[in-house]
Number of protein chains: 2
Amino acid sequence: MLTIGTLAKKTGTKVQTIRYYEQIGLLPEPGRSSGGQRRYGDAELDRLSFVRHARQLGFSLEAIRELLDLSDHPDKSCAEADAIARRQLKQVEQRIARLEALQTELKRMVHECSGGHTADCRVLEVLRDHSECLTNHEEIGG
Amino acid sequence: MLTIGTLAKKTGTKVQTIRYYEQIGLLPEPGRSSGGQRRYGDAELDRLSFVRHARQLGFSLEAIRELLDLSDHPDKSCAEADAIARRQLKQVEQRIARLEALQTELKRMVHECSGGHTADCRVLEVLRDHSECLTNHEEIGG
DNA sequence: ATACGACCTCCAGCTACTGTAGGTTCAAGA
DNA sequence: TCTTGAACCTACAGTAGCTGGAGGTCGTAT
């Protein structure tokens, strides 16, 4: 039986995060000690490891919820899990493309900056005038 | 004099977002009509365009605050603006690197999935067992 | 005069946690 | 057995950067 702190260490998760996952129903309510402290077994360790690993791969908690559900039903078709992973891959590819456009623009800004006063700083100039940009970077975020 | 709705359209910003920027002090409090509605001039249009453009390039609101301040003081050294842009570039490059690692892993997962039952789904299997991964993807997010 | 869209303020909610306050439990050492 | 101190508990607030809704007012065209 593991305490929450031990589980946290084993999975590289913060204690609060584990309680948060329980709260939103991603992890089941564990057993308790006589004094009311959470006690975990191996099943919970595996489940939390799964969650953490999926998070590291960028899956949203909602996606992870679906993946866990699939994982709990070995007879279901694999297609759904596959679709979720493909969706995630697509998102990652889109983000890479977007970030690469930003990278290009930022590099250009930085390289053109000659180091004088802000009055004629290229960085600020480009920010002031979008038409100086080569790429379309409409969507926000990144 | 522009209404907030017109300003929103011209800059591709939502009305609420403009009010939010005002609230956090990124945009100055504008003049008002006799009835209390916000009225904007060209200075505000320029400032909001600057903010939006910087957001599109992924700068945080805090970074934008600094950039605006620099932009407001033409005699200051350009070096600071340059440093902020370089910092941003570095962040973007790190994110790209991280996403590319995720991309590799996700591709592998998806390509190995043969389409049977979840019991032997490669996607789920890899998520269950981190040791199957080629890359280190410790940090969360993406 | 009235209708209707655009505006106003205030507040709640989103993702995925993280941190804090104030109190309790557990396990080891004296 | 008692004490100490770390680890635990609940509950709630805060983070970034918005977004949406409720309930009410303003502006302008007809």
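Here the structure is a predicted model, which means the values were calculated and not measured. By convention in this document, chain letters (A, B, ...) are assigned in the order of the sequence lines, proteins followed by strands, and residues within each chain are numbered from 1.
Residue A:F59 is classed as having no contact, given no heavy-atom separation below 4.0 Å to the nucleic acid. Residue A:I24 is classed as having no contact, given no heavy-atom separation below 4.0 Å to the nucleic acid.
Taking side-chain N and O atoms only, A:R65 has no distance below 4.0 Å to OP1 or OP2 of C:dA16.
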*Treat primed atoms plus P, OP1 and OP2 as sugar-phosphate and everything else as base, then score nucleotides 18-28 of chain C 5' to 3': B for base contact with protein heavy atoms under 4.0 Å, S for sugar-phosphate contact only, - for none.*
BBB----SS--

_salt bridge (Lys or Arg N to Asp or Glu O under 4.0 Å) between B:R65 and B:E62, intermediate numbers included_ = CA-CA 5 Å; B:R65 213 186 279 277; B:E62 255 326 289; 2.8 Å; yes

*salt bridge (Lys or Arg N to Asp or Glu O under 4.0 Å) evaluation trace for A:R108 with A:E132*: CA-CA 11 Å; A:R108 217 164 55 89; A:E132 302 215 29; 5.9 Å; no

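The 12-atom threshold is not exceeded at CG of B:D42, counting heavy atoms of other residues, nucleotides or ligands nearer than 6.0 Å.
Side-chain contact annotation: A:Y21 with A:R52, donor-acceptor N/O pair under 3.5 Å present. Side chains of A:R98 and A:Q94: no donor on one and acceptor on the other come within 3.5 Å. Side-chain polar atoms of B:R19 and B:Q23 form no donor-acceptor pair below 3.5 angstrom.
Here the side chain of B:S33 pairs a donor or acceptor atom with the backbone of B:Q37 at under 3.5 angstrom. Side-chain atoms of A:E105 come within 3.5 Å of backbone N or O of A:L134 as a donor-acceptor pair.
Rounded to an integer number of Å, the gap from CG of B:L2 to C1' of C:dA6 is 15 Å.
Across the interface with DNA chain C, nearest-nucleotide mapping of B:Q23 and B:I4 shows B:I4 to be the residue nearer the 5′ end. Comparing A:Y40 and B:E62 by the nucleotide of DNA chain D that holds the closest heavy atom to each, the one mapping nearer the 5' end is A:Y40. Residue A:V15 is the one, among B:S60 and A:V15, whose nearest nucleotide of DNA chain D lies closer to the 5' end (criterion: closest heavy atom).
Taking the 5' to 3' direction, DNA chain D first and last meets chain B under 4.0 angstrom from a heavy atom at D:dG17 to D:dG27.
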